[in-house]
Amino acid sequence: AEAGRPQTTVLASSTITVEGQTLFYRQAEPAGQAPKLTVLLLHGIRFSSDTWLQLQTLATLAENGYRAVAIDLPGKVGAGGSPYSSPVGQPAPGAFLKAVSEALCLGPAVVISPSLSGMYSLPFLFQHNHLLKAYVPVAPICTEKFTAEQYAQIKTPTLIVYGDKDMELGQVSLNNLRHLPEHRVLVLQDAGHACYLDKPNEWHRGLLAFLQQLE
């Protein structure tokens, strides 16, 4: 545990090989109790698993009884630990997240997916729906690649998150994702595209309220 934090959570980082890629990840879990749910945190293009560490999202989730795992997506240069390897033979994004889920023994997890990571999480949502307990898209890319009819087939509980100042991806992703039948929306006021950075308290509060309803 970090200095000044009660020893209620365990925070660790490590690497694991997934589909030939070295994957760096950080993990926080409640000490001395079985976690209620597992949460997998992806990241946007300028970010990494370190974002969720600095923002205290990992610690906040663990303190509230959840196992939180944040990975560095392949090709994340400089920010984290997953080195870029040539895209030749790189697994399809949906299959890659499935392999990550299996390698880290996530079970059906809640997947948090901001921005760029939509290219991974959306194929995963459609191809391996049984591995998602719930979905928390935060203005992800690639939402327009699926039809309203396809979205309507997905029964996964979803929390659509965006900042009200995110005029582009926020609106586009909302317009597409609202076709998911089991969705609710969290709008962070006065927040831009990386809305969780602008309003961390509101982000954590909204996320925890959503998770509590899944237990």
Side-chain angles (χ1 to χ4, degrees), residues 2 9-30 35-62 64 66-87 89-142 156 158-159 161 194 196-197 200 203-204 207 211:
E2 295 166 51
T9 60
V10 182
L11 184 65
S13 62
S14 188
T15 57
I16 194 168
T17 302
V18 179
E19 305 267 319
Q21 303 266 1
T22 301
L23 186 82
F24 179 83
Y25 69 96
R26 302 170 197 274
Q27 153 164 277
E29 49 194 345
K36 296 184 274 196
L37 286 170
T38 297
V39 180
L40 174 63
L41 295 125
L42 307 178
H43 61 76
I45 192 164
R46 296 192 310 279
F47 304 104
S48 70
S49 62
D50 188 58
T51 305
W52 302 118
L53 179 71
Q54 301 301 330
L55 199 65
Q56 306 273 341
T57 303
L58 285 167
T60 299
L61 287 167
N64 283 275
Y66 304 105
R67 177 188 177 202
V69 180
I71 66 169
D72 284 354
L73 292 165
K76 189 70 215 162
V77 182
S82 298
Y84 185 75
S85 57
S86 97
Q90 202 164 319
F96 178 73
L97 278 192
K98 177 175 184 280
V100 168
S101 175
E102 290 166 353
L104 292 171
C105 303
L106 300 182
V110 179
V111 175
I112 296 177
S113 177
S115 198
L116 171 91
S117 66
M119 65 180 284
Y120 287 88
S121 65
L122 283 158
F124 185 60
L125 177 70
F126 283 98
Q127 295 159 13
H128 305 291
N129 193 251
H130 62 289
L131 292 175
L132 278 94
K133 173 83 176 172
Y135 186 43
V136 184
V138 187
I141 65 169
C142 296
T156 304
T158 300
L159 178 66
V161 185
Y196 44 87
L197 291 183
W203 154 247
H204 288 143
L207 177 60
L211 294 176

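Keep in mind that this is a model prediction, so the values were computed, not measured.
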Heavy-atom side-chain contact between Leu104 and Ile16 under 4.5 Å | yes
How far does CG of Leu106 sit from CG of Leu131, to the nearest 0.5 angstrom?
-> 9.0 Å
For the student: nearest non-hydrogen atoms of Ser121 and Val111, plus distance | CB-CG1, 4.3 Å
Criterion side-chain contact (heavy atoms from CB on, under 4.5 Å) on Leu197 and Phe47, from CA distance to verdict | CA-CA 11 Å; Leu197 291 183; Phe47 304 104; 3.5 Å; yes
Atom pair CD (Gln27) and OG1 (Thr38), whose distance is rounded to the nearest 0.5 Å = 8.5 Å
From Val39, Val69, Leu41, residue fulfilling side-chain contact (heavy atoms from CB on, under 4.5 Å) relative to Trp52 | Leu41
Test: Asp50 and Arg26 ion pair at under 4.0 Å = yes
Return the orientation label for the His130 and His128 ring planes: parallel under 30°, perpendicular over 60°, tilted otherwise.
-> perpendicular
Residues forming a side chain to side chain donor-acceptor pair (under 3.5 Å) with Lys98, sequence neighbours excluded = Glu102
Would you please name every residue forming a side chain to side chain contact (heavy atoms under 4.5 Å, CB included) with Thr156, sequence neighbours left out?
-> Leu125, Asn129, Leu132, Tyr135, Ile154
With Ser115, which residues qualify under side chain to side chain donor-acceptor pair (under 3.5 Å), at least two apart?
-> His193
Would you indicate whether the side-chain heavy atoms of Ile112 and Leu40 approach each other to under 4.5 Å?
-> no
Does Lys36 use its side chain to pair, donor to acceptor, with the backbone of Asn64 at less than 3.5 Å?
-> yes
For Leu55 and Tyr196, run side-chain contact (heavy atoms from CB on, under 4.5 Å): C-alpha distance rounded to whole Å, both residues' side-chain angles, the deciding distance at 0.1 Å, then the answer.
-> CA-CA 8 Å; Leu55 199 65; Tyr196 44 87; 3.8 Å; yes
Residues Pro123 and Pro93: closest non-hydrogen pair is CG-CB, 4.5 Å
Answer with yes or no whether the side chains of Thr57 and His204 bring together a donor and an acceptor at under 3.5 Å.
-> yes
For the atom pair CD1 (Ile71) and OG (Ser49), what is the distance rounded to the nearest 0.5 Å?
-> 9.0 Å
Can you tell me how far the CG atom of Leu73 sits from the CG atom of Leu42, to the nearest 0.5 Å?
-> 5.5 Å
How far apart are the closest heavy atoms of Leu11 and Ala28, and which atoms are they?
-> CD1-CB, 3.6 Å
What do the steps show when you test Leu211 against Leu159 for side-chain contact (heavy atoms from CB on, under 4.5 Å), and what is the final call?
-> CA-CA 10 Å; Leu211 294 176; Leu159 178 66; over 6 Å; no
Look at the side chain of Asp72 and the backbone N and O of Phe24, then say whether any donor-acceptor pair between them is shorter than 3.5 Å.
-> no
Rounding to 0.5 Å, atoms OH (Tyr66) and CG (Leu58) come to a distance of 15.0 Å
Would you give the length of the straight line joining atom CE of Met119 to atom CG of Leu97, rounded to the nearest 0.5 angstrom?
-> 10.0 Å
Going by distance alone, is a donor N or O of one side chain under 3.5 Å from an acceptor N or O of the other, for Ser117 and Ser113?
-> yes
Could you walk me through whether Leu23 and Val100 pass the side-chain contact (heavy atoms from CB on, under 4.5 Å) test, one step at a time?
-> CA-CA 9 Å; Leu23 186 82; Val100 168; 4.0 Å; yes
May I ask you to decide if Gln56's main-chain N or O and Thr60's side chain share a donor-acceptor pair within less than 3.5 Å?
-> yes
Closest approach of Lys133 to Leu37 (non-hydrogen atoms, all atoms of both residues) | CE-CD2, 3.6 Å
At their closest point, which heavy atom of Arg67 faces which heavy atom of Pro30, and how far apart are they?
-> N-CD, 4.3 Å
